[in-house]
Colleague: 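Okay, handing you the structure first.
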Amino acid sequence: MSIFKEKSVFTRRQFVKGSGMLFAAAVLAGIFAKIGFEAFDTSEEYIEQRAAGLYSLDESMAIRKSHENPEILQIYKDFLSPGEVSPVSETAHHLLHTKYGKDIPGLIEQLNAHQHEAA
Amino acid sequence: MSTSTVKDTGGIITVTDACKACDHCTAICPTGAISGFLGQKHHIDYSKCINCGQCLINCPFHAITDLSMVEQVKEALKDPGKYLVVQEAPAVRVALGEEFGFKPGTNVKGKMHAALRKLGFKQVYDTEFTADLTIMEEGTELIHRVFNALGVQGFETSGPLPQFTSCCPAWIKYAEDNYPAILPYISSAKSPQQMFGPVAKTYAAQKLNVNPADMVVVSVMPCTAKKYECDRPEFVASGYKDVDYVITTRELAQMIKDAGIDFVNLTDEEADKLIGSSTGAATIFGATGGVMEAALRTAYEILSGQSLDKVEFEAVRGLKPVREATVEVPVKDLGTTLPVKVCIVTGTKYVGQVIEDVLAGRSKYHFIEVMNCPGGCINGGGQPIRHEMY
């Protein structure tokens, strides 16, 4: 009987069992990570599909340039720049252009003054 | 869904009690507007939030909502004294179908027009018309700025180069909040949504013989920031609130379902004439690089006086956050060829460096497109949520 003989804390069988569990955990972590990466893959894929939808719609349109839209030419000739197609006309500037940041209060005053003139 | 107005809350996006404090949104938010301690419901700082809704469509617990104007739209539709006019953004038509079982990218433009008529809208127009109008105004402005920079006489009052696009209301608020010095570089042209409002309440109202005071303009947008944009106080050029209400792609799908419309079996219908015609250039506005490509198609033909053999500018397409391209444009009036340098940014996170370069005088570009959402409006905060992701 030897009180100094230490009992082996880690048997061969326990080592095999332990490393097996570690291995299984690593495999599971890998699988979960892969699911995570695939989620990001899908997130790109639906964006690509929607973009492809727009580009094929573009290809199917009879007119593919803005300045050839007949209703655009009509609104300039009838209303925005009477008699001609001339962007950034006075009416276009009033209705279709804006200002930003600290220039907004002044723009609102201008618009109000324009309303009084019209009235 | 809250039915209060922007003025009550200060913003469009709200975190609900369903928040699990997982911090996913704080990683997605382009401006760092969302904060909260670990394990506590997060909150949004509206002085930083640009209303883009990227947190909303990416929240794994669907704990983030946007302000809704659906009830106001339903009330107006029931009111016989009101004349309802609707516009739909390009990106809506390739995503709305997802809520009815179609694959992403399926074009349901014709069914969408039919459904809107069934819901009771008197005139079903198209934001693509005003996208074309934006190209006319913004493209002309760009040409003026280029002539000014080249020292051509008569263009001295034009703004500086490069010119930034102005279609994205999230980008506009970001620039106003963070880089006031860059504002003179942003095109003064309104976004297509905000061009549509005054055109409907002046030109269309006259032609239709409708009192603009009775006209209600509704937008269907892939975007939550468009709700904020329509409530900005300066958008009253028509003498009335230019765009009354904005609903998202998701909300339109819900309205169609609530009304019991069999969307899948609807027969395709065209948009109404007058301000409803569109072109392929306007359609691609919904994808990142699309505004740039549409502008190039028009600017090239106007500057060169020649017709393009190939209308596609593939160099500006793609999903990379920052892209650049050079297009050789023969300028008839000057008798030279001008290398037009363009840049496309998708994701406000990436715009800082581009702005710093412009302010420091290092930028080599003429025209810069900025869209807040990765991929452009097709991936906007108002689009159908991809449930398979979580």
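Since we're looking at a predicted model, the values are computed, not measured. Below, each value reflects all heavy atoms present in this structure, side chains not excepted, and no hydrogens, waters or symmetry copies.
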Colleague: Heavy-atom distances under 4.5 Å only: say whether B/Ser238 touches chain A with side chain, backbone, both or neither.
Modeller: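 For B/Ser238, the contact with chain A is made by the backbone alone.
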Colleague: So which bits of residues 89-96 of chain B come within less than 4.5 Å of chain A, counting non-hydrogen atoms only?
Modeller: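 From residues 89-96 of chain B, the residues near chain A are B/Pro90, B/Arg93, B/Val94, B/Ala95.
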Colleague: In terms of side-chain geometry, is the basic nitrogen of A/Arg50 or B/Glu98 positioned less than 4.0 Å from the acidic oxygen of its partner?
Modeller: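 So A/Arg50 pairs with B/Glu98 through a salt bridge.
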Colleague: Do B/Thr202 and A/Phe79 have side chains that get closer than 4.5 Å, going by heavy atoms?
Modeller: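 Yes, side chains in contact.
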Colleague: Count the heavy-atom pairs under 4.5 Å between each of B/Asp177, B/Leu308, B/Ile186 and chain A, then report the option with the highest count.
Modeller: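 So the answer, after comparing B/Asp177, B/Leu308, B/Ile186, is B/Ile186.
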Colleague: Please classify the contact of A/Leu95 with chain B as side chain, backbone, both or neither, using a heavy-atom distance under 4.5 Å.
Modeller: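 Both backbone and side chain.
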Colleague: Between atom CD1 of A/Ile72 and atom OG1 of B/Thr279, what is the distance when rounded to the nearest 0.5 Å?
Modeller: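 The CD1 atom of A/Ile72 sits 8.0 Å away from the OG1 atom of B/Thr279.
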Colleague: Find out whether B/Phe285 and A/Leu54 are in side-chain contact, i.e. whether some heavy atom of one side chain is under 4.5 Å from a heavy atom of the other.
Modeller: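 Answer no - side chains too far apart.
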Colleague: Quick one: do B/Glu312 and A/Arg64 satisfy salt bridge (charged side-chain N to carboxylate O under 4.0 Å, His left out)? Show the steps, please.
Modeller: CA-CA 10 Å; B/Glu312 292 90 356; A/Arg64 299 179 66 191; 3.0 Å; yes
Colleague: At a 4.5 Å cut-off on heavy atoms, which part of B/Thr106 comes close to chain A: side chain, backbone, both, or neither?
Modeller: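 Contact with chain A: none, neither part.
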Colleague: Let's test your reading of the structure: which of B/Gln383, B/Gln206, B/Lys190, B/Glu138 forms the most heavy-atom pairs below 4.5 Å with chain A?
Modeller: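 Looking at each option in turn, the highest pair count goes to B/Lys190.
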Colleague: Who wins among B/Thr130, B/Ile172, B/Ile302 for the most heavy-atom pairs under 4.5 Å with chain A?
Modeller: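 Most heavy-atom pairs within the cutoff with chain A belong to B/Ile172.
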Colleague: Hey, which of A/Gln74, A/Gln110, A/Glu59 has the most heavy atom pairs under 4.5 Å with chain B?
Modeller: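 Looking at each of A/Gln74, A/Gln110, A/Glu59 in turn, A/Gln74 comes out on top.
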Colleague: Between OH of A/Tyr100 and CD of B/Glu176, what distance do you get to the nearest 0.5 Å?
Modeller: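 Nearest 0.5 Å value for the OH-CD distance: 8.5 Å.
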Colleague: Do A/Asp78 and B/Tyr203 have side chains that approach each other closer than 4.5 Å (heavy atoms only, starting at C-beta)?
Modeller: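 In short, these two side chains touch, coming nearer than 4.5 Å.
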Colleague: Drop me the distance from B/Asn379's CG to A/Glu44's CD, to the nearest 0.5 angstrom.
Modeller: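 Spacing of CG (B/Asn379) from CD (A/Glu44) equals 9.0 Å.
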Colleague: Using heavy-atom distances under 4.5 Å, tell me whether B/Ile378 contacts chain A through its side chain, its backbone, both, or neither.
Modeller: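 The answer is both parts of B/Ile378.
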Colleague: What closest approach, in Å, do A/His97 and B/Ser188 show between heavy atoms, and which atom pair accounts for it?
Modeller: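 Residues A/His97 and B/Ser188, closest heavy atoms: ND1-OG, 2.7 Å.
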Colleague: When only pairs under 4.5 Å are counted, which of B/Ala282, B/Ser278, B/Ala131, B/Ala294 shares the most heavy-atom pairs with chain A?
Modeller: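 Top count of heavy-atom pairs under 4.5 Å with chain A: B/Ser278.
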Colleague: How would you list all residue pairs meeting salt bridge (charged side-chain N to carboxylate O under 4.0 Å, His left out) that involve residues 295-304 of chain B, not counting sequence neighbours?
Modeller: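 Output for this query lists A/Asp58-B/Arg297, A/Lys65-B/Glu301, B/Glu293-B/Arg297.
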Colleague: Chain A heavy atoms under 4.5 Å from B/Lys273: which part of the residue, side chain, backbone, both or neither?
Modeller: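 Both backbone and side chain of B/Lys273 come within 4.5 Å of chain A.
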Colleague: My understanding is that only one of B/Leu274, B/Leu133, B/Asp132 makes a side-chain contact (heavy atoms from CB on, under 4.5 Å) with A/Ile75; could you say which?
Modeller: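 Testing each of B/Leu274, B/Leu133, B/Asp132 against A/Ile75, the sole residue satisfying side-chain contact (heavy atoms from CB on, under 4.5 Å) is B/Leu133.
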Colleague: Rounded to the nearest 0.5 Å, what separation is found between the OG atom of A/Ser86 and the CE atom of B/Met136?
Modeller: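 Reported value, rounded in 0.5 Å steps: 9.5 Å.
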Colleague: Is the CD atom of A/Glu109 crowded by more than 12 outside heavy atoms at less than 6.0 Å?
Modeller: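 No, CD of A/Glu109 has 12 or fewer neighbouring heavy atoms, counting only those of other groups under 6.0 Å.
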Colleague: Is B/Phe235 in contact with chain A via its backbone, its side chain, both, or neither, using a 4.5 Å heavy-atom distance?
Modeller: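 The side chain, not the backbone.
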Colleague: Which atoms of A/Ala52 come close to chain B, meaning under 4.5 Å heavy atom to heavy atom: side chain ones, backbone ones, both, or neither?
Modeller: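 Neither; nothing under 4.5 Å.
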Colleague: In terms of heavy-atom pairs under 4.5 Å, which option from A/Gly53, A/Ser60, A/Pro105, A/Ser66 contacts chain B the most?
Modeller: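 That would be A/Ser66.
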Colleague: Given the options B/Ala189, B/Pro180, B/Pro184, B/Gly375, which has more heavy-atom pairs under 4.5 Å with chain A than any of the others?
Modeller: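 The option with the most such pairs is B/Ala189.
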Colleague: Please check if atom CD in B/Glu270 has more than 12 non-hydrogen atoms from other residues, nucleotides or ligands closer than 6.0 Å.
Modeller: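 It does not: B/Glu270 CD has 12 such atoms or fewer within range.
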Colleague: Let me confirm one number: the CG-CE distance from A/Leu96 to B/Met195, rounded to the nearest 0.5 Å.
Modeller: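 So the gap between those two atoms works out to 5.0 Å.
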Colleague: I'd like to know which of A/Ala92, A/Ser89, A/Pro87 tops the heavy-atom pair count under 4.5 Å against chain B.
Modeller: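 Going by pairs under 4.5 Å, I would pick A/Pro87.
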Colleague: Find the distance between CD (B/Glu234) and OG1 (A/Thr98) and round it off to the nearest 0.5 Å.
Modeller: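 One gets 4.5 Å once the value is rounded to the nearest 0.5 Å.
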Colleague: Taking the side chain as every heavy atom from C-beta outward, state whether A/Ile104 and B/Arg232 have any atom pair closer than 4.5 Å.
Modeller: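 Yes - at least one pair of side-chain heavy atoms lies under 4.5 Å apart.
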Colleague: Any idea which heavy atoms bring B/Ser277 and A/Asn69 closest together, and the distance?
Modeller: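 Result for this residue pair: O-ND2, 3.0 Å.
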Colleague: Is the backbone N or O of A/Val88 less than 3.5 Å from a side-chain atom of B/Glu137, with the two atoms forming a donor-acceptor pair by type?
Modeller: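 The answer is yes, because a donor-acceptor pair under 3.5 Å joins these two groups.
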Colleague: Of the backbone (N, CA, C, O) and the side chain (C-beta and beyond), which part of B/Pro384 lies under 4.5 Å from a heavy atom of chain A, both, or neither?
Modeller: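 It is both, since atoms from each part get that close.
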